[in-house]
Amino acid sequence: MGPYLTLFVLLALLAGLAVGKAWERYKLQDGRWIDRRRARESPHYMLGLNFLVANQIDPAIEELSTAAEAAGDPLEIHLILGNLYREKGQVGRAIQEHQNLLQRPHLRKLEHANVLLCLGLDYKHGGFVDRALEAFSEVLRLDPDNRYAMSNLEKLHEEQHQWTEAYAMRQKLAARDNPEQQARHQEILAFLENEIGLAALKRNEYGEAARRFEAAIDLDSKNAPAYLNLGDVRLARDDVPGAVEAWERLVNTSPERSYLTFSRLESAYARMHDTSRFRALCRQLISAAGQEWRARLALARYLTAHGQAADALELLFEALVINPHALALHQAIWDTLAELTLAPALVKRYTDLARDAIFYVDPHICVRCRYRSTELLWQCPHCHEWNTFVEERIAPAKDTEATLTG
């Protein structure tokens with residue numbers, strides 16, 4: 001009996017593997033068995049994917065539709081087709097495609113979640129915010145670890161300025177990520193804390209606002225807007241030294257963002273009757289970074305306002321070598337030359353330096369989606385990512401100490 005029993009067990013295992021492979025390949029749909037592999041092996045399916053990779057949406061839709069008909073309308077191809085209709089701008093048709101999939105009987109839980117996720121993206125693209133929120137929430141009920149649903153819910157809450165809900169969703173994402181990604185999560189949570197603080201500030205809840213800004217700094221010590229806003233709150237409560245402390249911390253932790261504090265600190269130092277402190281701060285920044293043109297500009301404006309236009313012009317000429325395209329520099333030079341009654345030699349020196357410059361108003365560009373802005377934004381209005389703007393330079397600065405000292 002021993003050999004027969006062993007043979008029986010082996011035959012049973014082989015039969016089980018065969019059934020499993022058949023179950024993996026075939027699916028009962030609307031009373032008939034569908035060959036899933038047949039869809040993927042279709043030349044129309046492969047052509048559709050090739051067109052999709054080449055971003056040729058119309059031929060991709062045509063080929064995938066043919067492949068779907070030939071293979072018995074498999075769910076995965078119709079998911080792709082619905083997404084293509086959405087990308088093409090045919091949101092209504094995309095919604096209809098995905099809603100039809102939800103009507104199919106015997107959908108597995110994961111399939112149901114995937115269809116709902118695509119439907120939520122349709123609603124979001126079409127501006128149906130409530131329906132999108134409902135769809136993504138239902139995805140999380142079916143698939144609690146679905147990161148795409150969490151991420152889209154967070155962005156929807158941000159767009160609606162529902163900062164507390166966005167914060168909670170970002171926390172869920174962070175809890176499911178590996179340690180290497182935590183720094184980015186902390187950075188985003190800090191920006192969300194800052195937004196919650198701004199909402200409290202609008203309600204004149206200064207204590208709550210200050211706590212939120214401090215929490216943002218604890219999450220990310222380089223969060224520039226939190227320092228700025230914390231200083232503003234302290235100044236509004238007549239705590240001038242406390243405001244200065246917050247802004248100077250920003251200068252120390254993120255020198256590249258120090259220019260955001262210049263007007264605030266200059267005014268605060270004046271209120272503290274410490275007239276030399278702003279000058280010393282600018283000199284310190286210039287000494288620490290040879291290409292620091294904004295500190296030169298700020299100090300030049302300060303010197304011009306205090307009757308030292310000639311010294312100011314030298315600083316502006318130095319800054320012009322570093323960044324010849326900044327309109328703010330040229331405006332400051334014009335104002336300073338006017339103070340000096342347009343001395344011909346200085347005017348000629350200025351025109352020689354500026355002859356090849358193209359003026360622009362300090363443009364910034366998002367490194368994720370290339371969106372351009374004339375001001376520094378903390379969240380991109382196009383791709384909605386946080387802290388992605390950098391200052392754009394049309395041409396590299398002239399890195400020559402001889403020009404600055406000559």
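Computed from a predicted structure; not experimentally measured.
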Charged N-O contact under 4.0 Å between [X] and [Y]:
{"X": "E248", "Y": "R277", "result": "yes"}
{"X": "R264", "Y": "D232", "result": "yes"}
{"X": "R249", "Y": "E245", "result": "yes"}
{"X": "E205", "Y": "R211", "result": "no"}
{"X": "R234", "Y": "E214", "result": "yes"}
{"X": "R349", "Y": "E314", "result": "yes"}
{"X": "R184", "Y": "D177", "result": "no"}
{"X": "R176", "Y": "D145", "result": "yes"}

So, taking the atom named CG in N100 and the one named CG in L102, what distance separates them when rounded to the nearest 0.5 Å?
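N100 atom CG to L102 atom CG measures 9.0 Å (nearest 0.5 Å).
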With the side chain counted from C-beta on, respond yes when [X] and [Y] share a heavy-atom pair under 4.5 Å apart, and no when they do not.
{"X": "R279", "Y": "L303", "value": "yes"}
{"X": "T253", "Y": "I217", "value": "no"}
{"X": "E154", "Y": "I188", "value": "yes"}

Taking the six-membered ring for Trp, are Y350 and H330 closer than 6.0 Å centroid to centroid?
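Between H330 and Y350, which both carry aromatic rings, the centre distance is below 6.0 Å.
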Using the side chain to side chain contact (heavy atoms under 4.5 Å, CB included) rule, pick out the option among E97, Q96, H98 that qualifies with D122.
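Only one of E97, Q96, H98 forms a side chain to side chain contact (heavy atoms under 4.5 Å, CB included) with D122, namely H98.
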So if I apply the side chain to side chain contact (heavy atoms under 4.5 Å, CB included) rule between E158 and each of F191, Y167, W386, which one comes out positive?
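Of the listed options, the one satisfying the test is W386.
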State whether a side-chain donor-acceptor pair under 3.5 Å links Y85 with R93.
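Distance-only check passes for Y85 and R93.
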Return yes if a side-chain donor-acceptor contact under 3.5 Å exists between N194 and N229, otherwise no.
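Indeed, the side chains of N194 and N229 share at least one donor-acceptor pair under 3.5 Å.
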Can you tell me how the ring of Y371 sits relative to the ring of F389, calling it parallel under 30°, perpendicular over 60° and tilted otherwise?
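Rings of Y371 and F389: perpendicular, over 60°.
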Measure up the H161 and W163 rings against each other and bin them: parallel (under 30°), tilted (30 to 60°), perpendicular (over 60°).
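Plane angle under 30°, so parallel.
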Does NZ or CZ of R131 come closer than 6.0 Å to the centre of the six-membered ring of F128, within 45° of the ring's axis?
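The answer is yes; both the distance and angle limits are met.
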Return yes when atom CD of E385 has more than 12 non-hydrogen atoms of other residues, nucleotides or ligands closer than 6.0 Å, and no otherwise.
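More than 12 within 6.0 Å, yes.
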